[in-house]
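Here is the structure we will look at, set down as C-alpha cells.
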Amino acid sequence: MVKMFVTTAVAGIMMNLAISSLGFAALVRPVPTMNQTVVTLERMLSATQKPAALNYSRLGIGGVRLGMPVEEAKRKLGKPQRDETKPAGPGIGGKIRTLTYSGLTVAAWEGKVYLVSTTNPKFLTIDGVKLGDNSQKVVKTYGYGSQSVKSGVTRLTYSNDQKASNLIVEIKGDRVQKIIVSTQLN
C-alpha cells in the first residue's frame with residue numbers, strides 16, 4: 001500500500017514537472033532530452049538521504065572563496081571589466097563592491113567576498129565542477145542537495161547553515177548552466 005502511494009506520488013510529481021516545463025504535448029510526444037532529465041530528476045526525488053552540510057572551505061569558484069578579502073580576489077583574477085562600489089542599502093549598511101569579469105561576478109561587502117557567480121566553464125568550483133558538467137558529476141561530488149525545478153531548470157542547493165552560506169548549481173537538460181556561492185549578509 002505504501003509503495004503504491006509513493007509510486008503514485010512520484011508519478012504525479014513527474015507529470016506536473018513535465019507539464020509545467022514542457023507543456024502537455026511532451027506527455028503525448030516526449031522530447032528526447034526530457035527523458036534524460038526525467039531520469040535524473042527521478043533519481044534525485046527518490047533519494048532518501050538528507051543533504052549533508054557543505055563545509056565552508058569548499059565554497060568558492062575560480063580560486064575565490066567566500067570571506068576572502070576582495071583585494072586578494074582581484075589579485076587572483078586580474079583586472080576586472082568593471083569594478084563598482086555602491087551603498088548596500090539602509091537594511092544592511094556599508095558598501096558593496098562588485099567585480100565583473102567575462103562570465104564571473106564577485107561581490108564583496110565591507111571588503112569581504114560574499115558572492116561569486118559564474119556562467120563561464122573556465123571557472124571551476126573548489127571541487128572541480130564547472131559549466132557543462134552533467135548532473136551525475138554534481139551528485140557524485142556533492143551528494144543530493146535540496147532541489148527545486150522552475151521553467152525547466154533544476155536548482156540544487158548545498159548549505160552550510162553554521163555560516164548561512166550556500167552553493168547553488170543550476171542544471172538544464174542535464175548540464176550545469178550556472179554556479180553560485182553566497183553567504184548571508186549580517
Side-chain angles (χ1 to χ4, degrees), residues 17 20-22 31-34 36-41 43-44 51 54-86 88-89 95-109 111-160 163-185:
L17 289 172
S20 67
S21 64
L22 298 170
V31 178
T33 58
M34 184 184 103
Q36 192 175 24
T37 303
V38 169
V39 168
T40 301
L41 290 173
R43 259 189 251 124
M44 290 176 188
L54 193 60
N55 189 305
Y56 187 75
S57 65
R58 295 172 71 187
L59 295 174
I61 300 172
V64 177
R65 297 176 188 267
L66 294 181
M68 172 185 277
V70 70
E71 289 303 323
E72 184 180 343
K74 190 174 176 180
R75 280 192 299 277
K76 282 184 175 274
L77 297 170
K79 184 179 180 187
Q81 294 170 334
R82 215 171 44 220
D83 184 344
E84 298 177 299
T85 302
K86 295 180 179 179
K95 296 185 184 233
I96 292 182
R97 183 173 177 191
T98 305
L99 307 176
T100 306
Y101 298 86
S102 178
L104 181 81
T105 301
V106 177
W109 176 65
K112 301 283 185 186
V113 173
Y114 76 90
L115 177 127
V116 185
S117 172
T118 189
T119 55
N120 184 334
K122 172 180 152 184
F123 299 106
L124 286 67
T125 66
I126 290 170
D127 295 302
V129 173
K130 66 182 183 314
L131 277 300
D133 284 344
N134 62 32
S135 60
Q136 288 88 4
K137 181 173 182 180
V138 175
V139 171
K140 184 177 179 183
T141 304
Y142 297 110
Y144 289 95
S146 299
Q147 304 102 26
S148 63
V149 179
K150 185 176 180 181
S151 301
V153 176
T154 301
R155 184 176 251 212
L156 301 176
T157 302
Y158 302 90
S159 298
N160 178 296
K163 299 253 186 181
S165 305
N166 294 310
L167 163 68
I168 299 168
V169 181
E170 292 184 357
I171 299 170
K172 186 170 185 174
D174 197 46
R175 296 290 171 189
V176 175
Q177 72 172 13
K178 186 174 188 176
I179 304 171
I180 305 163
V181 293
S182 65
T183 194
Q184 180 178 325
L185 296 179

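- Side chains of Gln136 and Lys140 form no contact here, defined as non-hydrogen atoms less than 4.5 Å apart.
- Within the 4.5 Å cutoff, the side chain of Ile180 has no heavy atoms near those of the Leu167 side chain.
- Distance CD1/Ile171 to NZ/Lys137: 12.5 Å, rounded to 0.5 Å.
- Side-chain contact between Tyr114 and Ile96 is present, with heavy atoms from C-beta onward closer than 4.5 Å.
- No more than 12 heavy atoms of other residues, nucleotides or ligands sit less than 6.0 Å from atom NZ of Lys163.
- To the nearest 0.5 Å, atoms CZ (Arg65) and CZ (Arg58) are separated by 11.0 Å.
- Residues Leu99 and Gln81 have side chains not in contact (no heavy-atom distance under 4.5 Å, counting atoms from C-beta outward).
- Side-chain contact between Thr98 and Arg82 is absent, with no heavy atoms from C-beta onward closer than 4.5 Å.
- Rounding to the nearest 0.5 Å places OH of Tyr56 at 8.0 Å from CG of Asn160.
- Closest approach of Asp83 and Lys74 over heavy atoms only: OD2-NZ, 3.2 Å.
- The two residues Phe123 and Gly62 make their nearest non-hydrogen contact at CD2-CA, 4.0 Å.
- Looking at heavy atoms from C-beta onward, Met68 lies in side-chain contact with Lys76 at the 4.5 angstrom threshold.
- Scanning all heavy atoms of the two residues, the minimum distance from Ser57 to Ile126 falls at O-CD1, 3.3 Å.
- Rounding to the nearest 0.5 Å gives a distance of 7.5 Å between CG of Leu124 and CD1 of Ile179.
- Looking at Leu59 and Leu54, their side chains come closer than 4.5 Å, going by heavy atoms from C-beta outward.
- Atom CD of residue Gln147 and atom CZ of residue Arg155 lie 13.0 Å apart, to the nearest 0.5 angstrom.
- Between Lys112 and Glu71, none of the side-chain N atoms (NZ, or NE/NH1/NH2) sits under 4.0 Å from a carboxylate O, so this pair counts as no salt bridge.
- The existence of a salt bridge linking Asp133 and Arg175 is excluded, since no basic side-chain nitrogen approaches an acidic carboxylate oxygen closer than 4.0 Å.
- Of all the heavy atoms in Ala73 and Val106, the pair that sits closest is CB-CG1, 4.5 Å.
- Ser182 and Asn166 are not linked by any side-chain donor-acceptor pair at a separation below 3.5 angstrom, with hydrogens and angles left out of the test.
- Not a single salt bridge (Lys or Arg N to Asp or Glu O under 4.0 Å) links Lys178 to another residue, sequence neighbours left out.
- Residues Thr154 and Lys172 form no side-chain contact, since every pair of their non-hydrogen atoms from C-beta on lies 4.5 Å or further apart.
- Residue pairs meeting the side chain to side chain donor-acceptor pair (under 3.5 Å) criterion with at least one partner in residues 115-125, sequence neighbours excluded, are Thr125-Tyr142.
- Distance check, rounded to the nearest 0.5 Å: OG1 of Thr141 to OH of Tyr158 gives 8.5 Å.
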